[in-house]
Amino acid sequence: MERFKFLRFFSFRTQLDFLPCSNPVRENLINGATTDTNGEHRDGFFSNLVDGFLRRFKSGKKIDGSSKTEEEEKVYSWLYALARSEIYMAFEYVRSTERGLSFTEAEKRLKENGPNTPLEYTFPSSWHLLWSAFFHPFNIILIVLSALSYITSDNPNGCIMLILVFISVSLRFYQEYGSSKAAMQLSEYVRSPVKVQRCAGRVVQTELIVQVDQRDVVPGDIVIFEPGDLFPGDVRLLTSKHLVVSQSSLTGESWPTEKTADAREDRSTPLLELKNICFMGTNVVSGTGTGLVVSTGSKTYISAVFSTIGKHKPADSFEKGIRHISYVLVGVMLLVVTIMILVEYFTFYDLSESTLFGISVACALTPQMLPLIINTSLAKGALAMAMERCIVKSLSAIRDMGSMDILCIDKTGTLTMNRAIMVNHLDSWGAPREKVLHFAFLNSYFKSDQKYPLDDAILAFVYTNGYRFQPSKWRKTDEIPFDFMRRRVSVILETESNPEVRNIQPFYRFIITKGALEDVLKVCSYVENVDMGEITAVSAEHHHRILNVVEELRNEGLRIIGVAIKNLQQTKISKQNMENEDDVESDMVFLGVIAFFDPPKDSAKEALWRLAEKGVKAKVLTGDSLSLAIKICKEVGIRTTHVTTGPELEQLNQEAFHEKVKKATVLARLTPSQKLRVVQSLQSVGNHVVGFLGDGINDSLALDAANVGISVDSAASVAKDLADIILLEKDLNVLVAGVEQGRLTFGNTMKYIKLSVIANLGSVISLFIVTLALRFEPLTPIQLLVQNFLYSVGQIAIPWDRMEEDYVKIPQKWSVKSLPMFILWNGPVCTLCDVATLLFVWFYYSSGGKLDESFFRSAYFIQGLLMQTLIFHLIRTEKIPFIMEIASWPVLASTVVISAIGIAIPFSIIGHFMGFTDLPLSYFGFLVVLFVGYFTVGQIVKRVYIMVYKKWL
């Protein structure tokens with residue numbers, strides 16, 4: 001299905017357009033990174049205008065993902081320039097001051113830059129969607145033929161064709177309208193008020209803190225932020241205090257990152273890891289600060305990245321193939337019908353009858369049921385997947401799943417259970433120690449702050465493994481809660497002297513701290529050696545050994561936290577001043593580490609193996625660390641011989657990029673735009689049909705660009721709206737069923753296309769030959785239309801046919817060579833059978849060299865209908881039909897019923913009214929011999945074609 005379209009606000013922008021308020025400083029910074037091949041800057045409005053205009057007409061260039069878009073390059077250059085600059089230079093770049101902008105200047109910039117919305121979006125009008133759904137070659141053909149049928153008083157046939165058009169257009173319109181609303185979801189990230197510092201006064205300017213709508217923020221504004229605030233644009237930090245920011249909307253990583261205004265960055269640092277730059281759409285987790293807005297609206301990073309949504313969807317090879325067939329059939333139809341009308345007219349000199357016969361031939365040549373067969377096959381596949389707890393939003397995605405040969409998946413929640421399980425408790429020497437687990441348990445048990453999944457994992461490990469740490473003997477007196485700056489939590493406990501507790505010294509009060517290893521080590525001055533029973537000062541050797549132990553654990557994909565304690569008093573209780581956290585959390589004793597693992601799902605390995613059996617290779621595209629991704633992939637059976645990361649891909653040239661993407665099975669630390677580029681590289685250079693399974697905002701670009709976008713019910717709104725298929729359960733086995741349904745749908749659709757093209761073309765060619773030979777119409781217009789109607793009704797059962805086991809084992813794609821070759825090999829056999837019927841009837845039943853027209857038409861009607869009905873059984877399988885391979889019972893029933901009706905019509909009253917006459921039994925004996933010969937010759941031709949075609953490929 002065709003995607004919704006954003007307003008093309010990026011489609012015709014010059015470099016000057018990108019600069020807010022025509023800022024010459026910014027223009028020079030950006031143009032410095034975008035010089036042409038001759039090393040000359042493309043400055044000047046006219047040259048940029050012409051260059052931008054000509055680029056719009058450069059066609060045929062594939063989007064291969066090997067490089068950033070022009071918009072991304074401009075954003076990268078601008079933000080890196082600001083990240084490397086001193087604060088005073090940042091003010092110069094955006095033409096602002098430390099006091100902020102005046103209200104007059106801010107209003108002026110707002111008019112010049114427009115509202116601060118990351119993406120301009122609009123809903124396509126219903127008329128636009130309806131026109132898009134209506135404008136299909138087969139729909140146009142059917143409408144023209146319907147109009148001609150009404151003109152020639154053939155009302156029933158005209159009505160049937162209009163009904164088929166209505167069904168096809170309605171289904172397509174429904175799909176388009178439902179998918180056009182996804183753009184709205186991105187605006188959720190910027191709908192909040194913003195505190196801005198502005199200056200007022202003509203003579204003496206006064207700094208004021210005002211609250212404005214995010215849409216009114218402009219480049220040069222100074223914003224003040226605190227926990228929970230969203231950044232209204234791309235921001236260069238001016239001041240920061242314990243600032244921690246969540247960038248999960250861009251990176252997919254749940255763990256926040258620290259930001260500081262004092263950092264000086266260089267080009268080697270990945271853009272999203274810049275410490276002094278914050279991005280639109282991200283939010284403050286903890287800390288405070290101020291920042292200078294450097295980009296707003298469509299010039300921000302999030303806009304440059306997400307503006308590609310709806311624009312880079314690959315062309316559907318199946319739809320392109322259908323359109324090519326449509327155009328060929330239109331050309332053939334116009335040529336043949338014109339010739340038939342002329343031959344008919346110059347034979348009988350009856351223009352009205354000749355025109356009616358020509359229209360009947362055109363109807364016979366048109367695969368009228370194609371839209372209905374395709375949509376019925378897709379709808380049947382969607383219903384089957386619904387039984388597997390899937391919601392299919394785009395019917396065409398069912399067919400594309402049959403062609404899919406690469407599945408890109410995000411690790412979190414797809415391959416893993418998305419929950420932490422504790423696996424080990426080690427001291428600083430890497431040996432298992434119960435004491436480390438004991439104090440970690442007490443910390444998790446007594447903390448009153450929100451319990452995180454790691455706390456639940458520690459408690460579950462203790463309870464399920466039979467440890468008895470008797471928390472009832474302890475009493476909490478105070479707590480220092482977790483925050484994202486300290487990244488640790490501490491509890492202060494009291495207990496009476498208890499010699500029965502192993503490895504516990506007789507003390508009354510102590511503090512237990514656990515958290516991120518690096519932050520726990522910062523407050524430790526000692527380390528405990530349990531084997532020697534002593535506590536020693538932390539030396540460089542101790543520190544190096546601890547880091548080596550942790551590095552080995554992290555390389556195995558484990559998540560690590562540190563545990564430390566401190567005796568507050570050993571002989572007598574005194575009140576501890578808890579107001580100074582730094583004094584309390586200092587000079588602690590490091591005990592060891594706790595290791596956690598996000599285990600793979602039990603079903604993941606089996607599902608990936610089943611997908612591999614069906615020719616679908618898996619690649620992991622994740623924002624997580626490489627070591628963690630490798631660990632998970634090894635657990636589920638994905639090869640990790642070739643791996644890479646986002647920063648590594650950024651350093652590669654075009655050829656090396658494509659080669660790395662082709663070989664790599666694990667790609668970690670990817671940004672949203674890098675995921676997009678990987679998908680595009682696989683599509684354009686590798687010529688793969690790519691599926692992408694993701695659930696985050698950071699996955700939306702790849703979901704939109706993939707041939708099949710797959711998400712889950714718990715995913716972000718944007719991801720679900722852009723996905724073609726939504727899984728109600730995070731189980732890859734559902735995708736296996738989807739692949740099978742896709743190949744079944746693709747196969748049955750191709751059966752109809754082959755059947756209709758061969759049968760229709762063969763029938764029309766036969767009509768032309770017979771008309772020239774007999775000098776009369778082989779079938780009257782009404783007879784031809786009745787035959788075509790019965791034949792079309794019989795094809796309705798095709799979507800319920802089954803496919804051979806070998807067919808669903810490999811991805812199925814539209815082949816430009818396959819269909820023409822198939823027609824050239826098998827088409828003439830149908831025509832030969834029609835000619836054989838003509839010769840048999842002429843020589844066996846003619847009298848005095850004359851052939852009764854009613855007799856011949858009756859014979860030709862039955863033979864043509866049976867031929868078009870039975871040919872399906874020959875082309876539906878590579879095996880011998882009715883012997884080695886039998887069609888499904890709906891198809892068999894349809895064949896029997898339509899054949900019986902076709903044979904009975906010439907003998908009925910209706911048949912006599914239509915001009916038919918009774919036929920002798922000897923003719924049916926001939927038909928038996930004819931069809932046995934046809935299936936024999938057809939099988940030989942089919943086998944030779946398969947061998948020749950495969951060798952040719």
(request) Would you give the length of the straight line joining atom CZ of F657 to atom NZ of K662, rounded to the nearest 0.5 angstrom? (result) 14.5 Å
(request) Would you check if the side chain of D221 reaches a backbone N or O of V218 as a donor-acceptor pair within less than 3.5 Å? (result) yes
(message) Check whether K619 reaches the backbone of V661 with its side chain - one donor and one acceptor, N or O, closer than 3.5 Å.
(response) yes
(request) Side-chain contact test, heavy atoms from C-beta onward, threshold under 4.5 Å: evaluate it for N116 versus P232 and give yes or no. (result) yes
(message) Quick one: does any side-chain atom of D213 pair with a main-chain N or O of D216 as donor and acceptor, under 3.5 Å?
(response) no
(message) To the closest 0.5 Å, what do you measure between CE (M401) and CE (M404)?
(response) 4.5 Å
(request) Evaluate the side chain to side chain contact (heavy atoms under 4.5 Å, CB included) criterion for residues F231 and M280: first the C-alpha distance (whole Å), next the side-chain angles of each, then the deciding distance (0.1 Å), finally the verdict. (result) CA-CA 5 Å; F231 288 100; M280 186 181 211; 5.6 Å; no
(message) Please report the interatomic distance OG1(T671) to CZ(R677), rounded to the nearest 0.5 Å.
(response) 7.5 Å
(request) Please check if any side-chain donor atom of T104 sits under 3.5 Å from a side-chain acceptor atom of S102, or the reverse. (result) no
(message) Is the shortest side-chain heavy-atom distance between R109 and R95 below 4.5 Å?
(response) yes
(message) Checking the side chain of D724 only, and the main-chain atoms of A397 only, is there a donor and an acceptor separated by less than 3.5 Å?
(response) no
(request) Would you kindly say whether N707 and Q683 are connected by a side-chain donor-acceptor distance under 3.5 Å? (result) yes
(request) Examine the side chains of S298 and S303 and answer whether a donor and an acceptor come within less than 3.5 Å of each other. (result) no
(message) For the SG atom of C199 and the CD atom of E105, what is their distance to the nearest 0.5 Å?
(response) 9.5 Å
(message) Please evaluate residues K275 and D262 with respect to the criterion salt bridge (charged side-chain N to carboxylate O under 4.0 Å, His left out), reporting the C-alpha separation (whole Å), side-chain torsions for both, the decisive distance (0.1 Å), and the verdict.
(response) CA-CA 9 Å; K275 294 294 185 183; D262 299 330; over 6 Å; no
(request) Apply the test side chain to side chain contact (heavy atoms under 4.5 Å, CB included) to residues I391 and I725: give CA-CA distance (whole Å), side-chain angles for both, the deciding distance (0.1 Å), then the verdict. (result) CA-CA 6 Å; I391 298 175; I725 296 174; over 6 Å; no
(request) Name all pairs fulfilling the ring-ring contact (aromatic ring centres under 6.0 Å, His included) condition that reach into residues 271-295, sequence neighbours left out, sorted by first residue then second. (result) F279-Y301
(message) Less than 4.5 Å apart, side chain to side chain, heavy atoms only: is that true for K617 and D405?
(response) no
(message) Show the nearest heavy-atom pair for residues L292 and L238, with the distance to one decimal.
(response) N-CG, 3.8 Å
(request) Heavy atoms only: give me the nearest S286-P227 pair and the separation to one decimal. (result) CA-CG, 3.9 Å
(request) Check whether the side chains of K259 and Q247 place a donor and an acceptor atom closer than 3.5 Å, and report yes or no. (result) yes
(request) Apply side-chain hydrogen bond (donor to acceptor under 3.5 Å, both in side chains) to the pair T239 and T290, showing each step before the final yes or no. (result) CA-CA 5 Å; T239 62; T290 61; 2.6 Å; yes
(request) Compare every heavy atom of L693 with every heavy atom of L727, then report the nearest pair and how far apart it is. (result) CD1-CD1, 4.3 Å
(message) Looking at K299 and D234, is any side-chain nitrogen of the basic one under 4.0 Å from a carboxylate oxygen of the acidic one?
(response) no
(message) Is the shortest side-chain heavy-atom distance between L735 and L407 below 4.5 Å?
(response) yes
(request) Look only at the side chain of Q674 and the backbone of G646, and say whether a donor-acceptor pair between them is shorter than 3.5 Å. (result) yes
(request) Might you point out which heavy atoms bring V75 and A304 nearest each other, and give the distance in Å? (result) CG2-CB, 3.7 Å
(message) Tell me if a side-chain donor or acceptor on W78 pairs with a main-chain N or O of T300 at a distance below 3.5 Å.
(response) no
(request) Sequence neighbours left out, what pairs pass salt bridge (charged side-chain N to carboxylate O under 4.0 Å, His left out) with at least one residue falling in residues 79-88? (result) E86-R264
(request) With rounding to the nearest 0.5 Å, note down the distance linking CD1 in I710 to CG in D699. (result) 12.0 Å
(request) For the residue pair V666 and L626, establish whether any side-chain heavy-atom pair is separated by less than 4.5 Å. (result) yes
(request) For the pair R669 and E650, find out whether any cationic side-chain nitrogen is under 4.0 Å from an anionic carboxylate oxygen. (result) no
(request) Check whether any side-chain heavy atom of I277 sits under 4.5 Å from a side-chain heavy atom of Y80, and report yes or no. (result) no
(message) Does V210 form a side chain to side chain contact (heavy atoms under 4.5 Å, CB included) with F103? I'd like the steps, not just the answer.
(response) CA-CA 11 Å; V210 296; F103 288 91; 3.9 Å; yes
(message) Do C408 and L682 make a side-chain contact, defined as non-hydrogen atoms from C-beta onward lying under 4.5 Å apart?
(response) yes
(request) Return the minimal non-hydrogen interatomic distance between L701 and L676, and the atom names on each side. (result) O-CD1, 3.8 Å
(message) Could you measure the distance from the CG atom of L274 to the CZ atom of R236? Nearest 0.5 Å is fine.
(response) 10.0 Å
(request) Carefully, step by step, assess V708 and F692 under the rule side chain to side chain contact (heavy atoms under 4.5 Å, CB included). (result) CA-CA 6 Å; V708 184; F692 187 90; over 6 Å; no
(request) Go through the side-chain N and O atoms of E273 and T269 and say whether any donor and acceptor fall under 3.5 Å apart. (result) no
(message) Against L670, only a single residue in L649, T645, T622 fulfils side chain to side chain contact (heavy atoms under 4.5 Å, CB included); can you say which?
(response) L649
(message) Under the rule for side chain to side chain donor-acceptor pair (under 3.5 Å), what residues qualify as partners of E648, not counting sequence neighbours?
(response) T644
(request) Would you check if V620 and L667 make a side-chain contact, meaning some heavy-atom pair closer than 4.5 Å? (result) no
(message) Looking at every heavy atom in both V217 and V196, which two are closest together, and how far apart are they?
(response) CG2-CG2, 4.4 Å
